[in-house]
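Below: one structure in structure tokens.
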Amino acid sequence: MEGVVGLLKMRVKKGINLAVRDTRTSDPYLVATLDTQKTKTKVIKGNCNPVWNDELTLTMRDPKAPIHIAVYDKDRFSNDDSMGVAEIDVMPYIECLRMGLNMNSIPDGTKLERVHPSKHNYLADESAITWENGKIVQDMVLRLKDVECGEVVIQIEIVPLPGRKLNI
């Protein structure tokens with residue numbers, strides 16, 4: 001895996017109040033893109049508040065590259081309709097990884113960092129980077145753009161490959 005510095009594990013938990021794109025509802029799925037890789041969740045039929053609980057995995061080559069998120073309404077006989085977009089900035093998470101803390105001495109559930117919503121990110125609410133079950137995870141609610149409404153709830157974890165550095 002030439003040039004790969006780590007794996008990005010993304011748990012796509014659910015969508016909240018997603019836009020209606022069919023008559024009364026939508027058939028949403030989420031697509032995550034990192035560099036040239038794409039992966040997607042399953043389609044949830046007839047639900048603007050889908051619960052996916054899908055785990056998606058992408059390889060990381062450039063730790064500065066944002067993760068692009070797009071939500072679509074699956075259509076059978078025409079192109080799928082956009083239901084909004086967002087981006088995930090992994091830099092705050094990587095900064096926590098680079099702190100080099102002795103995690104064995106940190107109690108489970110400890111918040112390592114808080115990331116606040118701003119005009120420079122897609123966060124709908126404060127996001128916490130937490131030591132949980134022996135790993136660092138970041139939970140976030142992303143407000144979708146280019147659409148009238150909708151949010152997605154996601155958790156990320158970056159797994160650095162042994163001997164590789166997340167150079168910034």
*So which heavy atom on I158 is nearest to which on I94, and how close?*
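It is CD1-CG1, 4.0 Å.
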*Taking S118 for the side chain and H120 for the main chain, is one N or O donor matched with an acceptor at less than 3.5 Å?*
yes
_Nearest 0.5 Å, please: how far is CE in M10 from CE in M140?_
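One gets 8.0 Å once the value is rounded to the nearest 0.5 Å.
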*SG on C96 to CD1 on I136, rounded to 0.5 Å*: 6.0 Å
*Report, as yes or no, whether the 6.0 Å neighbourhood of atom CG on D108 holds more than 12 heavy atoms from other residues, nucleotides or ligands.*
yes
*Roughly how far apart are K9 NZ and K135 NZ, rounded to 0.5 Å?*
6.5 Å
*Within-4.5 Å side-chain heavy-atom neighbours: P66 and D89*: no
_Given 3.5 Å as the limit, does a donor-acceptor pair link the side chain of D73 with the main chain of D80, or not?_
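Checked: no pair found.
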_L144 with V153, same ILVMFWY side-chain cluster at under 4.5 Å_ =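 No.
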*Distance-minimising heavy-atom pair for C149 and L18*: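 Shortest heavy-atom contact: SG-C, 4.2 Å.
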*Any sub-3.5 Å donor-acceptor pair from S82's side-chain atoms to A70's backbone N or O?*
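Side chain of S82 to backbone of A70: no pair is present.
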*Find out whether V90 and M60 are in side-chain contact, i.e. whether some heavy atom of one side chain is under 4.5 Å from a heavy atom of the other.*
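Answer yes - side chains close enough.
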*Please step through side-chain contact (heavy atoms from CB on, under 4.5 Å) for the pair I69 and I154, ending with a clear verdict.*
CA-CA 10 Å; I69 302 295; I154 292 175; 4.2 Å; yes
*asked:* Taking A32's backbone N and O only, do any of them form a donor-acceptor pair with T39's side chain (distance below 3.5 Å, no angle check)?
replied: no
_Taking every non-hydrogen atom, the tightest pair across V147 and M83_ =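 Heavy-atom minimum between the residues: CG2-O, 3.5 Å.
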*Do I67 and V115 share a hydrophobic cluster, counting only Ile, Leu, Val, Met, Phe, Trp and Tyr and linking them when any side-chain heavy atoms are less than 4.5 Å apart?*
yes
*For D75, does its backbone N or O pair with a side-chain atom of D22 as donor and acceptor, under 3.5 Å?*
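Not at all, since once roles are kept as given, no pair shorter than 3.5 Å links the two residues.
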*Over all heavy atoms of both residues, which pair between A124 and P117 is shortest? Give the atoms and the distance, please.*
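Taking every non-hydrogen atom into account, C-CG, 4.1 Å.
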_According to a hydrophobic-cluster definition based on side-chain heavy atoms being under 4.5 Å apart (Ile, Leu, Val, Met, Phe, Trp, Tyr only), do I156 and Y122 belong together?_
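In one cluster with I156: Y122, yes.
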*Judged by atom type as modelled, is there a donor-acceptor pair below 3.5 Å linking the side chain of Q138 to the main-chain atoms of S127?*
no
_Heavy-atom pair with the smallest gap, counting every atom of W52 and V152_ =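 Minimum heavy-atom separation between W52 and V152: CZ3-CG1, 4.3 Å.
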*For C48 and A19, which heavy atoms make the closest approach, and how far apart are they?*
SG-O, 4.0 Å
*Look only at the side chain of N17 and the backbone of G150, and say whether a donor-acceptor pair between them is shorter than 3.5 Å.*
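Looks like no, no N/O pair under 3.5 Å.
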*Say you draw a straight line from CD of Q155 to CD of E55; how long is it, rounded to the nearest 0.5 Å?*
8.5 Å
*In Å, rounded to the nearest 0.5 Å, how long is the span from CG of L97 to CD of E157?*
9.5 Å
_If hydrophobic clusters are built from ILVMFWY residues whose side chains come within less than 4.5 Å, do V137 and I129 share one?_
no
*Do the side chain of N47 and the main chain of N49 share a donor and acceptor less than 3.5 angstrom apart?*
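Flag set: sc N47 to bb N49 pair under 3.5 Å.
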*asked:* Any carboxylate oxygen within less than 4.0 angstrom of a Lys/Arg side-chain nitrogen, looking at K13 and E151?
replied: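 Salt bridge: no.
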*Close side-chain approach of V5 to L161, heavy-atom, < 4.5 Å*: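 Sidechains of L161 and V5: no contact.
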*Passes side-chain contact (heavy atoms from CB on, under 4.5 Å), I106 versus L112? Steps please.*
CA-CA 10 Å; I106 297 176; L112 304 174; 4.2 Å; yes
*Any donor and acceptor pair, going by atom type alone, linking the side chain of T110 with main-chain N or O of W131 inside 3.5 Å?*
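No, because the side chain of T110 does not come within donor-acceptor range (under 3.5 Å) of the backbone of W131.
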*asked:* What's the separation between atom OH in Y93 and atom CD1 in I88, rounded to the nearest 0.5 Å?
replied: 12.0 Å
*Can you hop from L8 to L56 via hydrophobic side chains spaced under 4.5 Å?*
yes
*Within a reach of under 6.0 Å around NZ of K38, are more than 12 heavy atoms found that belong to other residues, nucleotides or ligands?*
no
_Donor-acceptor pair, side chain of D35 and main chain of Q37, under 3.5 angstrom_ = no
*Around atom NZ of K42, are there more than 12 heavy atoms of other residues, nucleotides or ligands at under 6.0 Å?*
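Yes, NZ of K42 has more than 12 neighbouring heavy atoms, counting only those of other groups under 6.0 Å.
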